[in-house]
Each structure stands twice: as structure tokens, then as C-alpha cells.
Number of protein chains: 2
Amino acid sequence: MTGSSGSVRPSLTREQVLATAAALVKQHGPGALTMRKLAAELGTAVTSIYWHVGNRESLLEALVERTVAELGALTPRGATPARRVVSVARALRRQLLDHPHLIAMVHERGLTERMFQPAAQALVREVHAAGLRGAPAAQAVRAVLFQVVGFVLVERNRARAPAQHPGEQELWDVPAAEHDPALARALARGPRPEQLFTVSVRALADGLLPTGPDRREAGPPPR
Amino acid sequence: MTGSSGSVRPSLTREQVLATAAALVKQHGPGALTMRKLAAELGTAVTSIYWHVGNRESLLEALVERTVAELGALTPRGATPARRVVSVARALRRQLLDHPHLIAMVHERGLTERMFQPAAQALVREVHAAGLRGAPAAQAVRAVLFQVVGFVLVERNRARAPAQHPGEQELWDVPAAEHDPALARALARGPRPEQLFTVSVRALADGLLPTGPDRREAGPPPR
DNA sequence: ACCTGAACACCGTTCAAGT
DNA sequence: ACCTGAACACCGTTCAAGT
């Protein structure tokens with residue numbers, strides 16, 4: 001027990017602060033989290049918050065920490081190391097897209113390395129299973145992680161800034177796609193992130209892992 | 001002529017504002033660019049700046065615009081489409097690293113698409129030369145662009161936040177690298193971005209382009 | 001142990017007023 | 001056409017003072 005006397009309203013809790021801060025961030029992004037707004041939301045003085053969480057930066061840090069901890073495990077799926085690598089990458093991307101502000105916040109705080117440790121471990125296993133050892137194995141793991149994080153950063157950014165300045169069409173239809181109208185159309189249409197991501201990761205994994213793109217290690221041959 | 005009477009000090013110019021703003025950003029990043037600091041640097045009232053550039057946001061936009069315009073052309077090098085793709089990617093990364101704050105600023109303003117149009121055009125040509133047409137060609141171009149931009153974003157971020165929280169070593173040496181001390185060491189040592197980048201792009205290009213990793217289209221066969 | 005208001009040192013921006 | 005100071009509405013944070 002917290003040793004409170006029998007007061008009705010349990011006064012302010014670090015827990016409450018974090019919870020309503022998390023709600024604010026979830027709705028309007030970290031930029032909208034203001035100590036004063038947060039205090040108003042909580043019905044306390046601004047300065048009370050400082051007693052519980054220190055300051056704005058450590059409040060945000062705690063939020064990131066908590067969100068990262070809540071992310072579920074990544075279970076690789078697929079018959080081949082390459083496919084399991086792709087499945088880990090896709091699951092990781094899914095997680096990140098489910099918490100729209102998380103990547104940027106982790107990014108800004110330099111917590112990337114820690115955040116992606118579970119994914120890294122999963123990838124180490126798969127890369128190892130594919131026969132890579134030592135430095136090349138480490139490089140393969142990191143190449144995939146960089147690829148996923150980078151992709152989601154770019155993708156999320158596109159979503160946040162929907163009105164691309166020069167209209168995106170006239171940007172693409174003049175140029176070098178001279179005699180390939182299908183290419184010009186595809187470029188003007190904009191990317192399909194889901195598809196693009198899968199293709200990219202698959203290509204990368206195939207390029208990095210020593211075995212061919214479709215080797216199965218056991219089970220019946222494809223018919 | 002600008003119609004000024006014969007005054008000695010030519011008064012404030014939009015050009016001057018942009019120049020000293022650029023200097024401030026170059027030194028300490030866009031976060032350090034304050035209208036008041038800028039005014040102090042220029043020796044004018046804060047509000048004069050508003051007359052010349054509108055407001056802070058459009059000032060930053062103009063800076064980005066100018067920097068993007070100053071970037072040199074990307075000339076592909078190499079005997080094979082795949083190699084030329086890699087060379088474009090590397091040149092693009094070089095450009096971005098030479099302007100440390102540029103990517104983030106472009107990123108935040110949603111100008112990514114426009115900024116990378118020259119690179120995109122160069123890539124279209126190479127991908128075309130490799131035999132890709134239509135939608136798959138568009139996808140290959142975008143996969144490479146996403147890869148490069150994402151990589152540099154992650155890389156730049158690591159540089160800005162050098163003190164990774166859990167020490168980076170103890171993060172890596174416990175885990176799944178059970179019987180592979182070389183792997184554990186490589187992971188603990190941290191990435192070599194240059195190398196990692198080249199390996200990643202090469203793997204991606206090899207995975208995306210229809211021809212094998214080392215095909216030469218003309219000239220003597222390898223001996 | 002927890003909460004408070006006042007105060008400080010910053011922001012970007014607007015506006016009426018000067019020349 | 002260009003510059004100015006005053007003022008507004010915000011920030012995060014500190015601190016002495018309350019209970």
C-alpha cells in the first residue's frame with residue numbers, strides 16, 4: 001500500500017501523468033504534448049508534473065520506453081531462412097506502423113539500437129541458419145534492420161506530408177521514361193508501400209544470404 | 001537597378017537574410033535558427049526579417065530549395081547497369097552526408113520526392129538499360145531511392161546521438177550469437193556505414209535487376 | 001511527500017507607427 | 001518600400017512557499 005490516509009481523490013500519480021501524456025501523443029503527435037496542456041488535462045498545476053516525471057524530455061523518454069516494452073515478440077515464419085527474414089521485416093514494419101509516432105520518437109532519442117534488439121536477435125538466428133558466420137552475418141543483420149527502419153521512416157514521412165509540392169504527376173511525366181508509358185504511369189501513380197517493401201526486403205535478403213532465392217532445406221520438393 | 005538613392009549601407013536584403021540564416025543552420029542545425037538570434041546576427045530588428053522572408057517556415061523552405069538546387073549532377077559510373085545503379089546510390093549518399101542537416105529538413109517538409117528527382121531520372125535510365133519495363137521498373141527505381149534515403153536517415157541519426165543508451169556492447173554480447181564469437185564481436189563493434197551501405201545497395205540492385213550480378217553487356221568476356 | 005503560483009528566460013508573429 | 005518597438009500568446013523550467 002502507498003500509505004495514503006483515507007483521502008477520496010488519490011492525488012496525482014506518475015502513472016496518471018504517463019497515461020494522459022500517452023493519450024495526447026497518440027492523438028496529435030509528440031509536438032502537441034505541452035506541459036501546460038498536459039497540466040490542464042490533468043487538472044493540476046504545471047509544476048506538479050515536474051515533481052512526478054522530472055521534465056518534458058524524461059517524460060517522453062518514459063513513454064517511448066513503455067511503448068517499446070509493449071511491442072509483441074516477432075516470430076519468424078516461412079520455410080526458408082530468406083523467407084523468415086522477410087517475415088520478420090514485415091512484422092517489424094507492421095508494429096511500427098501501428099504506433100505512428102514511435103519510430104520518429106525513438107529515432108530522435110537515439111534508441112534505435114535498443115528498440116530493435118528483439119528483431120536483431122531473430123535475424124541473427126535466421127542469418128545463422130542460412131550459413132552466414134562472423135562479420136558478414138553481422139552485416140546482413142544490420143543491412144536488413146537499416147532497410148526496415150529507413151523504409152518506415154520514409155514511408156511515414158510521405159503519409160504525414162500528403163501534398164507533395166510539385167504535384168507528383170508533372171514531376172514524373174516529363175522525364176526519362178521516354179518510350180515507356182507504363183513506366184511513366186507507374187511512377188506518376190505513386191508507390192504502393194506494402195508491395196514495394198516486400199519486394200525490397202526480398203531482393204535484399206536474396207542478395208545477402210548465401211543460398212539461392214528459393215532453396216528449401218527440408219520437406220517435399222515443390223511440384 | 002533597385003532604385004535606391006545613394007545611401008551608403010545598402011540596407012537589408014533578402015539575400016543577406018538567407019545567407020546568414022544558412023550559416024547559422026550549417027553550424028548548429030535548423031533547431032538553432034531563431035528569428036531573434038538571426039536578427040541579432042544581422043544587426044536589425046526581428047520584425048525586419050518578416051518583411052523580407054515572410055516567416056520562419058518559408059525562410060527554411062527557401063534555404064532547402066537553394067541547397068537542393070546547388071547539388072551537383074549524378075553521373076553513373078560502371079560497366080554494368082547494376083554497378084551504375086550502385087554508383088548513383090553512393091554519389092547520392094555522399095551528397096547527403098555533405099549537407100548534414102539537409103535530409104532531415106527535406107524530410108520534415110515532404111520535399112523528398114522533388115529532391116530526388118535527378119537521382120530518380122538517372123536510375124530510370126539504368127533500370128531501363130537493364131531490361132526492366134513498366135511497373136517493375138518503377139518499383140526498382142523507388143526501392144533504391146527508399147533504400148538510400150532511409151539508410152542515410154538512420155545513419156545520420158546514429159551520428160547525432162553518439163551515446164547509445166545501453167552501451168551497445170552489453171546489448172549485443174549476451175544474445176543469440178551463441179557459438180560465434182566473431183559475429184558477437186562484429187555486432188558489438190558497431191556498423192561501418194560506408195561498407196554496410198555498399199553491400200546493401202549492391203544486394204538490392206542484384207536482387208532487383210533481371211540480369212545476374214556480374215553480367216557485362218559488351219566488351220571482352222571476363223577471363 | 002506532494003502541490004502551488006509567481007517569475008524567468010525564452011519563443012514566433014502581428015500590428016500600428018514611423019521614415 | 002522598408003524598418004521599428006511594443007505587445008500578444010505561447011513555451012519549458014526553477015524556486016520559494018505552502019500543506
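Computed from heavy atoms alone, side chains included, the values below leave out hydrogens, waters and symmetry copies.
Between L42(B) atom CG and dC3(D) atom C1' the separation is 13 Å, expressed in whole Å. Atom P of nucleotide dT4(C) and atom CZ of R36(A) are separated by 15 Å, given to the nearest angstrom. For the pair W51(A) CH2 and dC2(C) C1', the interatomic distance rounds to 6 Å; values are reported in whole Å. Rounded to whole angstrom, the span from the CG atom of L12(B) across to the C1' atom of dC3(D) amounts to 9 Å. Atom CD in E15(B) sits about 17 Å away from atom C1' in dC2(D), given to the nearest Å.
R109(A) contributes a side-chain N or O that, together with a main-chain N or O of M105(A), makes up a donor-acceptor pair within less than 3.5 Å. At distances below 3.5 Å, not a single donor-acceptor pair connects side-chain atoms of E41(B) with backbone N or O atoms of A21(B). Remark: side-chain polar atoms of R56(B) are paired, donor with acceptor, to backbone N or O of L33(B) under 3.5 angstrom.
Ring geometry for F197(B) versus F151(B): interplanar angle over 60°, hence perpendicular rather than tilted (30 to 60°).
Under the Watson-Crick or G-U wobble criterion, with both distances below 3.5 Å, dG12(C) is paired with dC8(D). In a base pair of the Watson-Crick type (N1 to N3 plus N6-O4 or O6-N4) or a G-U wobble (N1-O2 and O6-N3), with each distance short of 3.5 Å, dC2(C) is matched with dG18(D).
Residue T34(A) has no polar side-chain atom (N or O) positioned under 4.0 Å from OP1 or OP2 of dC10(D). The shortest distance between the side-chain N/O atoms of S48(B) and the OP1/OP2 oxygens of dT4(D) is below 4.0 Å. Within the 4.0 Å cut-off from OP1 or OP2 of dA1(C), not a single side-chain nitrogen or oxygen of H52(A) is found.
Partners of R90(B) by salt bridge (Lys or Arg N to Asp or Glu O under 4.0 Å), not counting sequence neighbours, listed by chain and number: E194(B).
Within 4.0 Å of L59(B), counting heavy atoms only, lies no atom of the nucleic acid at all.
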Enumerate all atom pairs, one protein N or O and one N or O from nucleotides 16-19 of chain D, separated by less than 3.5 Å.
none

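Residue T47(A) places a side-chain atom within donor-acceptor reach of the base of dG5(C), judged by atom type and a 3.5 Å distance cut-off alone.
The pair R142(B)-E155(A) fails the salt-bridge criterion, with no side-chain N (NZ, NE, NH1 or NH2) lying under 4.0 Å from an Asp/Glu carboxylate O.
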